[in-house]
Asker: 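I have a structure here, written as structure tokens, and I will follow up with some questions on it.
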Amino acid sequence: MDHRGAAVKEGLSVGVRALAMGVMGTVLALVAVLLLRAATFPGPEELQRWGRPGASRIPAQFSEAELTAMKEALKEAIRIPTVAFSSENINTTALTEFGEHLRKVFPSMFSTSFIQHEIVEEYSHLFTIRGSNPKLEPYMLLSHMDVVPASDDDWEVPPFSGLERDGFIYGRGTLDNKNSAMAILQAMELLLRRNYVPQRSFYISLGHDEEVSGKHGAQKVAALLKSRGVRLSFIIDEGGYIMNDFLAGIKKPFAVISVSEKGSMNLKLQVDSTPGHSSIPLKETSIGILAAAISRLEQTPMPNMFGYGTEKSMIEQLAGQFGFPLNIVFSNLWIFGPIVSRILEKSRVSNAMMRTTVALTMFNAGIKVNVIPPTAQATVNIRIHPSQTVPEVLDIIQNIVADDRVQYHVLNAFNPLPLSPYDQEAFGYQLLRRTIRDVFPEVSVVVPGVCVGNTDVRHYANISTGLYRFNPVSLSPESFKSVHGLNERISIQAYETQVMFLFELIQNADIEKVPEPHSAVHEL
Ligand SMILES: CCCCCCCC/C=C\CCCCCCCC(=O)N[C@@H](CC(C)C)C(=O)O
Ligand SMILES: [Zn+2]
Ligand SMILES: [Zn+2]
């Protein structure tokens, strides 16, 4: 080999060595970066950061004294009988007392410079919390203070006693919805005491007549905000929960965020017929004609609308929680949809999610045993599936009744609420989802649902498209029955967790938009 050849070989081997060293270096650097990433972000979930990071994050740790005070504040709230019997008959004395109670137990909410408190229509409360970053669109936490009536009969403890027994607080409103009214203010009060200043502005609104329409409370607050030109990024109200033991085949709890709610119609049906002496009866009376008509209504289910609302998404997202073979069936609705919808209509709750329902709630006729009455009236309460409208449903009803002697009077009606977004960019939905993940690690999956009852949030549809119904409390079928029923109660631990959830959610909202996932993020 000549001198030049040796030089080339030397050059080549230097080049190969350099290349090899370069590759090694790159590999080592990559390993180091990966190790560093692994140390900084212990799991993929943490790559998706919400709210304030690091030192400015206030930990949800409460002292014994704070826990005792929050429990006592809720008990006291339960003892104030803010009962709404009808739109015209609400215990307003109790509502005033409730307002005084709020001032007493949440003093910072009434004395902080960046919080404005207003009373709307005498009894509803509106708090405006000004955040430090006016570019972030505000949101609202919504609840109500009024409760449905409860008589002492059949309750294990008096319904307005706020009694503590076996780790539970008993009383009307412990689940619907004084727990939320109190927990929202409690969480913010605790944050304020830790010198928290939100970046994103938000509102807290407590209505006083949700149980009888919301037309004086929520509706007026919404109108007030609209007149001020306010738009809200999203609103969180009651009407979705963490469901425990609700579906045979699913052991772990799952969370339902209701992204819509059914429409409603109260319809009076009336039949007029010839009155007279009961000793010489006609072949048919107003009572008989009307009874037959409403019996047809009761016996004829409205069309099954599975696939036209959120129920399909709900089942698809729940599918993985079922064992074999239901997991296969529920994740292939394109073929098994019709069978699944037939299975779901067997349960009262899932049936109500899939179709418009008709409940016969009032029947009036007759004044004396031997008088054939001239008129019979019945009222039916109809809950309209999100894919249908009031006129469509009225048409179906008239076809089912199919009797020209029946007259119809729509007492009041409204269409179902539009579906609020629940995609990856939907800020309110993803914020809830993320906070559920943080505070309720036992929850297997978060799914969209439809609220079969009506809530105050429907009055805000003209100032926000992100209407979500979710109470951060775990419900079993039994506790579900106690809402508007007997022995309504909340465990003290569940209430503390609700406060913690709101404490975290308020901080999580301090971010511009849903963070970009850095890598594959575990599905909830
Ligand atoms: C497969 C099982 C899943 C179950 C999902 C259930 C998700 C939650 C859905 C509904 C919750 C119902 C609770 C809603 C609260 C209703 C409050 C209320 O009673 N409102 C009145 C309003 C009226 C204007 C007076 C009503 O009658 O709806
Ligand atoms: Zn309620
Ligand atoms: Zn209620």
Side-chain angles (χ1 to χ4, degrees), residues 82-87 90 142-150 172-181 206-219 237-250 253-266 306 309-311 313-315 317-319 321-322 330 340-341 343-354 357 359 361 381-384 386 411-414 416-417 445-459 468-471 473 475-477 479-485 488:
T82 51
V83 179
F85 296 94
S86 70
S87 261
I90 305 180
L142 181 57
S143 174
H144 64 90
M145 304 167 288
D146 57 313
V147 294
V148 292
R172 180 59 86 224
T174 47
L175 291 172
D176 179 16
N177 193 236
K178 285 180 176 171
N179 56 321
S180 295
L206 310 184
H208 71 270
D209 63 344
E210 189 275 348
E211 296 292 1
V212 286
S213 72
K215 68 181 179 192
H216 296 296
Q219 200 169 315
D237 192 8
E238 64 178 339
Y241 308 90
I242 291 168
M243 319 298 295
N244 251 310
D245 291 332
F246 265 84
L247 283 179
I250 296 193
F254 59 92
V256 177
I257 300 173
S258 297
V259 295
S260 177
E261 68 186 58
K262 290 177 107 178
S264 173
M265 171 163 40
N266 286 315
F306 183 78
T310 53
E311 50 298 304
S313 295
M314 182 193 229
I315 295 298
Q317 293 183 33
L318 279 172
Q321 304 307 312
F322 289 92
F330 288 166
V340 170
S341 74
I343 297 172
L344 293 177
E345 63 187 13
K346 304 278 177 253
S347 135
R348 220 151 57 107
V349 178
S350 45
N351 180 56
M353 285 162 40
M354 287 188 310
T357 56
T361 51
N381 180 254
I382 300 158
R383 305 295 175 133
I384 303 170
L411 302 178
N412 48 52
F414 53 89
L417 275 287
V445 66
V446 179
V447 297
V450 58
C451 186
V452 294
N454 294 117
T455 66
D456 264 352
V457 83
R458 74 182 192 281
H459 297 298
Y468 302 105
R469 300 144 193 94
F470 178 72
N471 269 7
V473 287
L475 285 190
S476 62
S479 48
F480 201 52
K481 272 192 260 164
S482 75
V483 174
H484 290 206
E488 189 179 343

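Every number for a ligand or one of its atoms is a count from 1 in the order of the listing.
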Asker: Before signing off on this row, confirm whether Asn454 and ligand 1 have an N or O atom pair separated by under 3.5 Å.
Answerer: yes

Asker: Looking at ligand 1, is there an atom of it that comes within less than 4.0 Å of some heavy atom belonging to Arg458?
Answerer: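 In this structure, Arg458 qualifies as a contact of ligand 1 - some heavy atom is under 4.0 Å.
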
Asker: Under a plain distance cut-off of 3.5 Å, with no hydrogens placed, do Asn177 and Ser143 share a side-chain donor-acceptor pair?
Answerer: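 Yes, because at least one side-chain N or O of Ser143 sits under 3.5 Å from a partner of the opposite role on Asn177.
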
Asker: Counting only protein N/O/S, how many atoms fall short of 2.8 Å from the Zn ion (ligand 3)?
Answerer: 4

Asker: May I ask you to identify, for Val450, whether its side chain, its backbone, both or neither come under 4.0 Å of ligand 1 on a heavy-atom basis?
Answerer: backbone

Asker: Would you call the rings of His216 and His208 parallel, tilted or perpendicular, where under 30° means parallel and over 60° means perpendicular?
Answerer: parallel

Asker: Please list the nearest protein heavy atom to atom 6 (C) of ligand 1 with its residue and the distance rounded to 0.1 Å.
Answerer: Met243 CE, 3.9 Å

Asker: Could you tell me if any non-hydrogen atom of Ser350 lies under 4.0 Å from any atom of ligand 1?
Answerer: no

Asker: Side chains of Asn471 and Glu238 only: does a donor on one sit below 3.5 Å from an acceptor on the other?
Answerer: no

Asker: Can you sort out which atoms of ligand 1 are near Leu247, meaning under 4.0 Å from one of its heavy atoms?
Answerer: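 Going through ligand 1 atom by atom, the ones under 4.0 Å from Leu247 are 1 (C).
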
Asker: In the protein, what heavy atom is nearest to atom 23 (C) of ligand 1, and what distance, to one decimal place, separates them?
Answerer: Glu210 O, 4.4 Å

Asker: Any non-hydrogen side-chain atom of Leu318 less than 4.5 Å from a side-chain atom of Phe330?
Answerer: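 Answer no - side chains too far apart.
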
Asker: Any heavy-atom pair between the side chains of Pro416 and Glu261 that's under 4.5 Å?
Answerer: no

Asker: In the structure I gave you, are the side-chain heavy atoms of Phe254 and Gln321 within less than 4.5 Å of one another anywhere?
Answerer: no

Asker: Which residue is it: Thr82, Asp176, Thr455? I am looking for the one with a side chain to side chain donor-acceptor pair (under 3.5 Å) to His144.
Answerer: Asp176

Asker: Going by the closest heavy atom to atom 8 (C) of ligand 1, which one wins out of Pro477, Cys451, Gly239?
Answerer: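 Selected option, by shortest heavy-atom distance: Gly239.
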
Asker: Short list, please: which atoms of ligand 1 are under 4.0 Å from a heavy atom of Arg383?
Answerer: 26 (C), 27 (O), 28 (O)

Asker: Check if Glu261 has a non-hydrogen atom at a distance under 4.0 Å from any atom of ligand 1.
Answerer: no

Asker: Return the closest protein heavy atom for atom 25 (C) of ligand 1 as residue, atom name and distance.
Answerer: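 In this structure, atom 25 (C) of ligand 1 has Glu211 O, 3.3 Å as its nearest protein heavy atom.
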
Asker: Could you tell me whether the side chain of Arg469 and the main chain of Tyr241 form a donor-acceptor pair under 3.5 Å?
Answerer: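 Not a single qualifying donor-acceptor pair exists.
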
Asker: Tell me which protein heavy atom sits closest to atom 2 (C) of ligand 1, plus the residue, atom name and distance to 0.1 Å.
Answerer: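 Of the protein heavy atoms, Val349 CG1, 4.3 Å lies nearest.
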
Asker: Among all protein heavy atoms, pick out the one at the shortest distance from atom 19 (O) of ligand 1; state its residue, atom name and that distance to 0.1 Å.
Answerer: His484 CE1, 3.2 Å

Asker: Considering non-hydrogen atoms of the protein only, which is the closest contact for atom 7 (C) of ligand 1, and what is the distance?
Answerer: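 I find the closest protein heavy atom is Val256 CG1, 3.9 Å.
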
Asker: Under 3.5 Å, is there a donor on one side chain and an acceptor on the other for Ser482 and Ser479?
Answerer: no

Asker: If you measure every N/O of Glu238 against every N/O of ligand 1, is any gap under 3.5 Å?
Answerer: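 Min N/O separation from ligand 1 is not below 3.5 Å for Glu238.
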
